[in-house]
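Read the structure below first, then the notes.
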Amino acid sequence: MGNATNSVPSVAATLVFEGLIDLSPKIALTLRGSAGVSLLFPSGDLDDDAQDLADLCSNAVDCQANPGPYFGAQAAVGAGLLYNLGSVGARVDFQLRPTAIACWAWSSGATKRQSASQA
């Protein structure tokens, strides 16, 4: 078998804040911050894992498995330089953007078999 590649479709809505600080007549420092929400649609291995969790959950008491889509949050900060070339500008940025998406939560007490035998 060959290598398998999985893509995980997602969509995000992000609000970006940006400011410029002039360092010289042709160069400006760019400062950027952003925050937003993400929506992840499981597919491939992630979908298989969610289905495996749902199967485990079907044998447990008070267990819920969420097959998705999953909501998450993202925030970013960054800085860069903007160089004025006349009618256009050249820009170089560095951005750090962590993203947190809770793919599933699972908790359970006893399995159905255990709770039936204890009754």
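Numbers here simply count residues along the sequence, with the first being 1. In what follows, every heavy atom counts, from backbone to side chain, and hydrogens, waters and symmetry copies are set aside.
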For [X] against [Y], the heavy-atom pair lying closest together:
X: Asp22; Y: Ala28; result: OD1-CB, 3.9 Å
X: Ala13; Y: Gln74; result: O-NE2, 4.3 Å
X: Pro98; Y: Ala75; result: CD-O, 3.1 Å
X: Thr14; Y: Ser34; result: CG2-CB, 3.6 Å

Query raised in the report: Counting only N and O atoms by type, is there a donor-acceptor contact under 3.5 Å from the side chain of Asn84 to the main-chain atoms of Gly86?
Result: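 Yes: the side chain of Asn84 pairs with the backbone of Gly86.
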
Requested in this report: Establish, from distance only, whether the side-chain atoms of Thr30 and Glu18 form a donor-acceptor pair under 3.5 Å.
Outcome: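 Distance-only check fails for Thr30 and Glu18.
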
Between [Y] and [X], is there a side-chain heavy-atom distance shorter than 4.5 Å?
X: Phe71; Y: Leu39; result: yes
X: Tyr83; Y: Leu81; result: no
X: Arg32; Y: Val77; result: no
X: Leu82; Y: Ile27; result: no

Requested in this report: Find out if a path of hydrophobic residues (ILVMFWY) with successive side-chain heavy-atom gaps under 4.5 Å connects Leu23 to Leu85.
Outcome: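 Leu23 and Leu85: one cluster.
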
Query raised in the report: Above 12 or not: heavy atoms from other molecules or residues under 6.0 Å from CZ of Arg97?
Result: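 Check fails, neighbour count at 12 or below.
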
Query raised in the report: Step by step, would you call Leu20 with Leu29 a side chain to side chain contact (heavy atoms under 4.5 Å, CB included)?
Result: CA-CA 6 Å; Leu20 298 173; Leu29 174 68; over 6 Å; no

